Amino acid sequence: MHIERIALDESVRKAMPPQLLVDALSDLDPAVELVEDGEQFGPGDAVVSFGHRDAFFDADWVHCIRAGYDEFPVGVYDEAGTFLTNSTGIHGTTVGETVLGYLLTLARRLHTYRDAQHEHRWRRPSYEESFTLSGERICVVGLGTLGRGVADRAAALGMDVVGVRRSGESVPNVSTVYTPDRLHEAIEGARFVVLSVPLTRETTGMIAAPEFETMRDDAYLVNVARGPVVETDALVSALEDGAIAGAALDAFDEEPLPEDSPLWDFDEMLITPHVSAATGAYHEDIAALVRENVAHIEGGETLKNRVV
Ligand code: NAD
């Protein structure tokens with residue numbers, strides 16, 4: 001493959017000001033150019049994009065600036081002979097810190113004081129309400145970049161970290177690793193269950209009524225993966241019935257989360273608008289991945305983070 005043009009699809013605007021990425025890649029030859037919806041592609045073209053467009057099938061290589069590529073029709077890329085790469089490997093710190101923020105907020109009850117602050121109310125917690133993360137069990141489902149980012153930080157705070165991984169192989173800072181067929185064993189004793197898996201056929205609806213019945217009634221669900229990994233109706237019922245204590249959600253079936261969603265109104269709920277990976281340095285991380293793969297192509301090496 002020989003790259004003659006690197007096009008930056010305008011959809012990257014959803015994640016960053018495109019010019020920052022153009023500037024961060026200004027050392028590349030050929031130069032990166034911003035293209036608009038409607039642009040056509042052909043042999044020699046590389047595209048850096050947030051979302052998919054069918055015109056990309058005619059390019060040689062497409063880089064998705066997200067870790068989750070579930071909106072890309074992978075099979076069609078494969079048939080078209082177009083390489084697809086993603087941006088896994090860069091969100092461990094951002095999402096790890098956000099998830100620890102959720103955990104600390106819920107355990108130390110910070111959300112309740114912030115809510116009370118809006119009403120100029122001096123709210124003190126009931127005696128048994130607050131707890132510490134130290135000593136509590138957290139189950140991390142999906143031990144890739146996000147999952148390890150969470151596990152490392154949770155372990156540093158003295159949490160008992162267990163996890164779920166397809167291979168079942170051990171992972172640093174995770175005391176017990178379960179295979180997905182032992183999901184219930186993994187989650188049943190956990191105070192926090194964190195979802196950090198990609199959205200696939202296997203993970204769609206992975207957390208539904210039977211899982212909420214299995215979880216502790218004082219447990220919190222954290223979803224930084226994708227909305228459909230959780231059956232939303234079952235989650236709402238579990239929250240209404242007290243089958244679990246609460247949740248922190250960054251990903252939803254429909255985004256933005258509709259105004260009339262029942263999820264907004266639970267007290268023990270933290271809702272963030274799909275921003276757990278947000279950082280003003282995102283363009284630098286993406287530029288490093290693109291630059292590395294351009295070098296790989298020039299050197300005739302295998303692409304990093306290749307999906308197909
Ligand atoms: P990754 O590829 O590094 O890790 C995903 C891990 O999940 C892999 O280790 C994989 O083997 C594992 N996995 C797959 N199916 C599994 C299953 N059935 N059971 C247990 N483990 C399974 O990807 P990542 O960078 O950690 O991102 C993971 C997902 O998180 C992405 O696909 C994306 O959907 C989501 N994500 C969300 C945000 C956000 O802003 N909320 C940011 C980045 C990624």
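Note that the structure is a prediction, hence the values are computed from the model and not measured. Both ligands and their constituent atoms are indexed starting at 1 by order of listing. In this chain, residues are counted from 1 in sequence order.
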Can you label the angle between the Phe131 ring and the Tyr220 ring as parallel, tilted or perpendicular, going by 30° and 60°? parallel
Taking the minimum heavy-atom distance to atom 23 (O) of ligand 1, which of Asp181, Val307, Thr88, Thr204 ranks first? Thr88
For the side chain of Thr214 and the backbone of His184, is there at least one donor-acceptor N/O pair under 3.5 Å apart? no
Closest to atom 28 (C) of ligand 1 (judged by heavy-atom distance), picking from Ala67, Gly68, Ser196, Ser167: Ser196
Minimum non-hydrogen distance to atom 21 (N) of ligand 1, winning option of Thr203, Val197, Thr200: Val197
Nearest non-hydrogen protein atom to atom 12 (C) of ligand 1, with distance, is Pro198 CD, 4.1 Å
Closest to atom 34 (O) of ligand 1 (heavy atoms only, candidates Arg226, Glu202, His274) is Arg226
Report the part of Asp250 (side chain from C-beta onward, or backbone N, CA, C, O) that has a heavy atom under 4.0 Å from ligand 1; answer both or neither where that applies. side chain
Is the closest heavy-atom distance from Met206 to ligand 1 below 4.0 Å? yes
Compare Val224, Thr145, Val177, Val229 and give the one whose heavy atom is closest to atom 37 (C) of ligand 1. Val224
Determine whether His63 and Phe50 satisfy the following criterion, ring pair (Phe, Tyr, Trp, His ring centres under 6.0 Å), listing intermediate values before the conclusion. CA-CA 8 Å; His63 179 77; Phe50 179 92; over 10 Å; no
hydrophobic_cluster_shared for Leu146 and Phe192, side chain cutoff 4.5 Å: yes
